Amino acid sequence: MRRMRVAAVCGAAVVTVAGGLTPAAGAVRGSGPVRGSEAVRRAEADLAYHGSADMVGGRIDVRFTPHNHGPGAVPDSAVRIRWSQPLAEGQSLPAGCAPDGDRAVRCRVGPLAAHDSGERIGLRVRLRDAPAEVLLEFAPVGGGGVVDETRARERQPVLVLDTGDTYYF
């Protein structure tokens, strides 16, 4: 046991004297040291969703286009759209979209090349009640192994009032 502690301390001292570990080329910022082929498997993406939403009488129309602003391609991804109010039962959703609990819908985005946009997605949902306002939140789901260190920043909240006005995000 004592030999193990001595080896660990000596190893730490060597790393410190040598100037620390340098991440391999292609490593994701903030992910710590990357060794060998692990750097090849990781890529960085920066997913965002731009579009508009409007609400009248508890019915919300949402139209958006997924964007990858990052340097790494995303082989496959989805977006989860969560509403602050529960959705009505029996929604008719477009192909590639499915309910995800009582307040969310998950839509397949598909592959996104680096610095590129995906196909426009449009859906209409009904809320269980007809609130005066609802908060939407867009969040990327999956990425086919692509790492996104800014995932928390990518949760896009959008406040939509029941006025019939179009809100852009």
Side-chain angles (χ1 to χ4, degrees), residues 23 26-32 34 39-169:
V28 177
R29 290 173 282 140
S31 65
V34 178
V40 174
R41 287 183 284 155
R42 288 191 181 178
E44 186 177 348
D46 187 6
L47 301 176
Y49 309 95
H50 304 293
S52 62
D54 58 76
M55 180 168 67
V56 174
R59 186 193 80 228
I60 302 175
D61 289 314
V62 180
R63 297 152 305 278
F64 64 94
T65 303
H67 296 270
N68 179 6
H69 299 292
V74 179
D76 195 20
S77 69
V79 61
R80 182 172 161 248
I81 307 161
R82 185 180 186 284
W83 285 265
S84 60
Q85 299 291 321
L87 299 172
E89 304 263 337
Q91 299 284 336
S92 177
L93 299 171
C97 295
D100 187 8
D102 69 337
R103 294 178 186 235
V105 171
R106 188 177 294 216
C107 293
R108 183 177 186 277
V109 171
L112 287 172
H115 305 289
D116 200 7
S117 302
E119 296 293 320
R120 184 170 186 234
I121 297 172
L123 64 144
R124 174 178 285 176
V125 297
R126 291 180 327 278
L127 299 174
R128 190 175 298 159
D129 299 317
E133 65 182 36
V134 67
L135 182 66
L136 304 173
E137 183 181 81
F138 291 79
V141 179
V146 175
V147 177
D148 190 349
E149 76 168 31
T150 60
R151 188 159 309 258
R153 193 176 73 213
E154 287 176 354
R155 294 182 188 275
Q156 291 179 245
V158 179
L159 180 64
V160 181
L161 305 178
D162 187 4
T163 60
D165 294 331
T166 301
Y167 296 89
Y168 296 93
F169 53 91

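Hydrogens, waters and symmetry mates play no part in the numbers below; they use all other heavy atoms, side chains included. All figures in this text were calculated on a predicted structure; none of them were measured in a lab.
The two residues Ala45 and Val74 make their nearest non-hydrogen contact at CB-CG2, 3.6 Å. Here the closest non-hydrogen pair linking Asp46 and Asn68 is N-OD1, 3.3 Å. Between Thr65 and Gly118, the shortest heavy-atom distance links the atoms CG2-O, 3.4 Å. Nearest heavy atom pair, residue Gln85 against residue Glu133, reads CG-O, 4.4 Å. The two residues Ile121 and Arg108 have their closest heavy-atom pair at CD1-O, 3.9 Å. Gly164 and Asp54 make their closest contact through O-CB, 4.1 Å (heavy atoms, listed as atom of the first residue, atom of the second, distance).
Distance CG/Leu136 to OH/Tyr49: 14.0 Å, rounded to 0.5 Å. Atoms CE and CG, from Met55 and Asp61 in turn, are 11.5 Å apart once rounded to the nearest 0.5 Å. Here Arg124 contributes atom CZ and Arg59 contributes atom CZ; the two are 4.0 Å apart, rounded to the nearest 0.5 Å. Considering SG of Cys97 and CZ of Arg80, their distance stands at 14.0 Å, rounded to 0.5 Å. Atom OG of Ser52 is separated from atom OH of Tyr167 by 12.0 Å, given to the nearest 0.5 angstrom. With rounding to the nearest 0.5 angstrom, the CG atom of Leu135 is 11.0 Å from the CZ atom of Arg103.
When side chains are defined from C-beta on, Pro66 does not count as touching Val79, because their heavy atoms never get closer than 4.5 Å. Val62 places none of its side-chain heavy atoms less than 4.5 Å from the side chain of Val160.
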(request) With side chain to side chain contact (heavy atoms under 4.5 Å, CB included) as the test, would you mind laying out the steps for Leu159 and Leu161 before giving the verdict? (result) CA-CA 7 Å; Leu159 180 64; Leu161 305 178; 4.3 Å; yes

(message) Evaluate Ile60 against Leu127 for side chain to side chain contact (heavy atoms under 4.5 Å, CB included), listing each step before the verdict.
(response) CA-CA 8 Å; Ile60 302 175; Leu127 299 174; 3.8 Å; yes

(message) Leu47 vs Val109, test: side chain to side chain contact (heavy atoms under 4.5 Å, CB included). Steps then yes/no.
(response) CA-CA 11 Å; Leu47 301 176; Val109 171; over 6 Å; no

(request) Applying side chain to side chain contact (heavy atoms under 4.5 Å, CB included), run through Val105 and Gln91 and close with a yes or a no. (result) CA-CA 10 Å; Val105 171; Gln91 299 284 336; over 6 Å; no

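By the ring-ring contact (aromatic ring centres under 6.0 Å, His included) test, His115 pairs with no residue at all, sequence neighbours left out. Residues that satisfy the salt bridge (Lys or Arg N to Asp or Glu O under 4.0 Å) test with Arg106, not counting sequence neighbours, are Asp100.
Using a 30° and 60° split on the angle between ring planes, His50 and His67 fall in the tilted class, from 30° to 60°.
Here the side chain of Asp162 pairs a donor or acceptor atom with the backbone of Gly57 at under 3.5 angstrom.
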